[in-house]
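One structure below.
Labels below follow one simple rule: chain letters A, B, ... track the order of the sequence lines, proteins then strands, and each chain is numbered from 1.
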Amino acid sequence: MFSTWNWVACGFYLVLSICSPDASSGLVQSCGHIIPESPVLALGSNFTALCILNESCLDFGNIYASQIIWKIKNRVVPKEQYREINRTVSSVTFNDTSSLATPLTCNILADGQIEQNIYGITVTVGLAPEKPKNLSCIVHQESRFTYAMTCTWNPGRHTFLDTQFRLRYRWPEQIFPDCIPKDVNNSCTIDDCQFFVNTEIWVEASNALGKAVSDPLVIDPIDIVKPLPPQNVSVASGVLPTVLQLVWENWISDAVMTLKFNIRYRIVGDTNWTEVPPEDTASPRTSFSIQGLRPYTEYVFSIRCMKEDGVGYWSDWSEEKTGITSEEQPSKGPPIWRIIDTSQSPACWTVHLIWKALKPYEANGVILQYELTVRDKSSLSSPVKKYNVTSTNHTLQLREGTYEVTLIARNSVGPSPPSVLLIPASNSKAPVKNLRTLPKHDKLWVGWTAPNNYVLKYVIEWCLMSSNSDCIIEWQIVLGDVQGIDLKGIKPFKCYLITVYPLYADGQGSGQSVKAYLKQDRPSKGPTVQTKKVGKAEAVLTWNHLTVEEQNGFIRNYTILYKTIDGNETVVTVDPSKTEYTLSSLTSDTLYTVRMMASTDNGSRTGPDFTFTTQKFGKGEIEAIVVPVCLAFLLIVLLGVLFCFNKRDLIKKHIWPIVPDPSKSNIAQWSPQVPAKHNISSKDQMYPEGSFTDVSVVEIEADDKKSFSEQDLKPFDLLKKEKSTSEGHSSGIGGSSCMSSPRQSVSDSDEGETTQNTSSTVQYSTVVLNGYRDQTPVQVFSRSESTQPLLDSEERSEDHAGGADSTPQRQQYFRQNGGQDETNTDRPCFERTKQMTDANEGDLVGFVQLQISGQSSQPLGLGMEKNTQERAVSNVLQTFTEGQTVRPETVEENPLSVDEMPKSYLPQTVRQGGYMPQ
Amino acid sequence: MAAAESPSAALRRRDLCSRGIRLAGKMRADVVDLLDTYVEQQGLDASASVAAVEGVPLAAVEHWDEQTGTQRLLENLAAYRAFRALLAQMLEEQREQLGEADAGLGRALAAVLLQVSAFAYHLEELLRLESRGIPGEEGDEEEEDGPPPPPRLSLFEQKLRGLGVLRELAQWAVRSVRDLRQLAKPSPATGAAPGLAESP
């Protein structure tokens, strides 16, 4: 029972002791405490803490040191680090304080299970301060009488602790208040700095773990002064145009220190400073005269100072002040040049005199005017002309000649030395040689080789070439001993035309020109190519040169690239001077794509694509095809016409068969012993190679013979022989013939007689003059006295009964007979026959069509049956179409046909679709 | 007296002289500036004549050029010790009168006081180089004897005395420069050592 109450009391006491942190001063005391209380420990050191239990607690709670548990921030410290010193004291040891954390607590396991906190301490870990190093001080002049000394140092490593730095200084017999830095730990400023006494300065750093002191710096502050720069600087003009006087105030008294100075100056707009030699300004002063300046030039000045002995620091540079020197006479005459325009007349010059304004350091003031003097050296009597000009150019109208131009620039102080330009009548002197250019960064160097003669000066002209504006000339004059200059302001990728003229004492050399680029680029566009002419296998391409603005460099070559849609690209390089090129060996009727590339030294640019299609036929090919075709066609047509003409009777028979008039048939006259039949056979034998099928033998009476000329009758010799052999066999059919009454048939002019004789019949005849195989052509005169009207007439006769023998009918008939020419209608029958014979000589062999009159219906070709006739016709046709050679078979068969068929001979010639002759 | 002066001692002496000369010069310049400020701030007439300040040796002496170096140093040291005390008193009076209202004047007085102290230190160092004992300060001796306190002056009298102190200090600054220059150059009167004689 007692034990239970004892434990309850003990627990209550513990709770009270824990809940009351201020138990020691209160009613309840803590059961223990830790030694040391809230230590500050050096990082990396070892540390031992003791937890001491109060004796009073032992009796209540039966708690002992062996029950103590150490914890760091709720983490139990391994028991290996514990040590029970006695029954009330337990210690814990840490070999390295870096493993420590806050808080470190001492706890106890009450009743074996309940962990109760006895005490806790805060542990601070850090480093002792390092010795401050690199202490240095500088005294800044803050005003005319006040100086502040600022000292800086290296505070060393971070200590992790609150570390105080203080700057201390003293005189041997006086210690001054410490300077404590604010917000920083590496510098401090002492306001009341005293000079001329050596002052010992040092820095002390201290924290909970220790204190460190820097090495002392013993120095007289006057030796580390950075004074204020001179004040109220002003610039005054000196007595000379090359002198300016600089005046200032020193803000540090000589009693404190004497000063030396640095003075620097520059021309306004320039960036480079010129410094007055330091030895000239090494002594105390408040003014200085700067010499050797340019007249009428604005300068900027600045000044700084430091202790005269050079110990200390230079002040900052003073504010900049400007001053301008006074004017002086121009130091040289303006460079002058001329441009002569002879476009109006070679003898009348328009001379543009141009000169450059003097540079400021040459003008030495404001140029008020230029005085121009022109002297005609070719005419001594000519007066000297003077002009006062305010601009930098002047134009004169002069006659061709030699002139001396003198130019003087004048400012308010005086004139410049004269510039003289000799304008000779001609630039006949030697030019420069080997003119060349070379780019140098942003400048273009122009060099040349001097002529053999002594050259006074060279004039270099250059201008930016443009396709749409005139070349604006810039120029420069250099002395005669110069053989190359750098042209400035040259733009890259632009073409410049540079010309160099040598000026001699007595004349001027001709100019040498060269084109140049400062920097080249590839062309800004490619050439636009197009075709001028496209053929079957070639195409003429044409293009325009790129403008000078587009070139961006020297065009080294053009490249033509062309290809078919699916073919490889072909490349052709073309000279840059050309604007036309002919592509050859192209494929006909093919689409080509062509483009063109212009190349400079720095690259190429391709123009737009252009497509064209080659032609299907070359030049003349169409003509070569069309013309022969046409000719052949014409020939065929002609031959067809001729064929039709020659076969007109056959055609006619086919188309308009001869319908015999049965009423006029006289079968009684038919006789089986028709001698003509045999005669015909004999005649056929006489002309075995003849091609006539229907032949009527015409007997020419001897009396009529004399009505023809001998020549006309000559071809009839054969007929005469024939007559002698066939006279007895003459059938007498058609009692009249062309030969028997030639007047009737041949001479149409005797119209009345003819009309009378043929009033009841239509007479027509066909005369075939035929020659075969070098034989004398046989002239066959066939005559028909058939009253059968022509088909046309027949048809008309049906409409107009009794009108069959009218003259128009006869004429029309003759027209059909006449064949080729209607004008031959009136010609004698012989003539027409001969014409035809001539035309068909050798080709048409005895091609006779015979019209048999109704009265002499016994046809001469009696022996020709239907088949024979058809065969003959076909043979003739065949002969005609096969090169107009007559095959002998036709004629050879004829006698056989005639001999074989006399008995079965039909009294009428019946043809297919034909009709019996009347 | 300085026959055995080492080169380092001679260098030290010359450095002290040089530094003392420049300090005296600055001190004079500052005192002159301070005089103007003081007259203006205290409402005094710059031309007011002030009687000699008690306890301060007069700067102007007869036969100045006949004095020895040590004598010069001793007179200077006595004068500047007196000035140090007077200026400290002026500074305290100034603070009592104006508080922190006119910190500029007080700061200038303090600066001059520092310079006076520094110059006195220079003089003591020179006397040590002269192998002479440094006399004790009168004030210390008087304290031992229990000197009567200085008579209480009226405010105006304090101002006039201050004016007199500054004027005399300015005079002494000029004299000190001359004294130190005299000391810096070799003089038979001072029996300068060869090392000192060699010094420029």
Subject >> Closest heavy-atom pair and its distance - B:Arg22, A:Val256 >> reply: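 In terms of heavy atoms, the two residues are closest at NH2-O, 4.0 Å.
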Subject >> Exercise: identify the closest heavy-atom pair between B:His122 and A:Phe196 >> reply: NE2-O, 2.7 Å
Original post:
At a heavy-atom separation under 4.5 Å, does A:Asp220 approach chain B through its side chain, its backbone, both, or neither?
Top reply: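 A:Asp220 touches chain B through backbone and side-chain heavy atoms alike.
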Subject >> Residues from residues 108-119 of chain B approaching chain A under 4.5 Å (heavy atoms) >> reply: B:Ala111, B:Leu114, B:Gln115, B:Ser117, B:Ala118
Subject >> Sorted by number, residues from residues 173-181 of chain B in contact with chain A (heavy atoms, under 4.5 Å) >> reply: none
Original post:
Do you know which of A:Asp254, A:Asp191, A:Asn198, A:Ile222 has the most heavy-atom pairs with chain B at a distance under 4.5 angstrom?
Top reply: A:Asn198
**OP:** Nearest 0.5 Å please: distance from the NZ atom of B:Lys26 over to the CD atom of A:Gln194.
**Re:**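 That separation rounds to 6.0 Å.
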With a 6.0 Å cut-off (strictly less than), is the heavy-atom count around [atom1] of [X], excluding the residue itself, greater than 12?
X	atom1	result
A:Asp162	CG	no
B:Arg28	CZ	no
A:Glu200	CD	yes

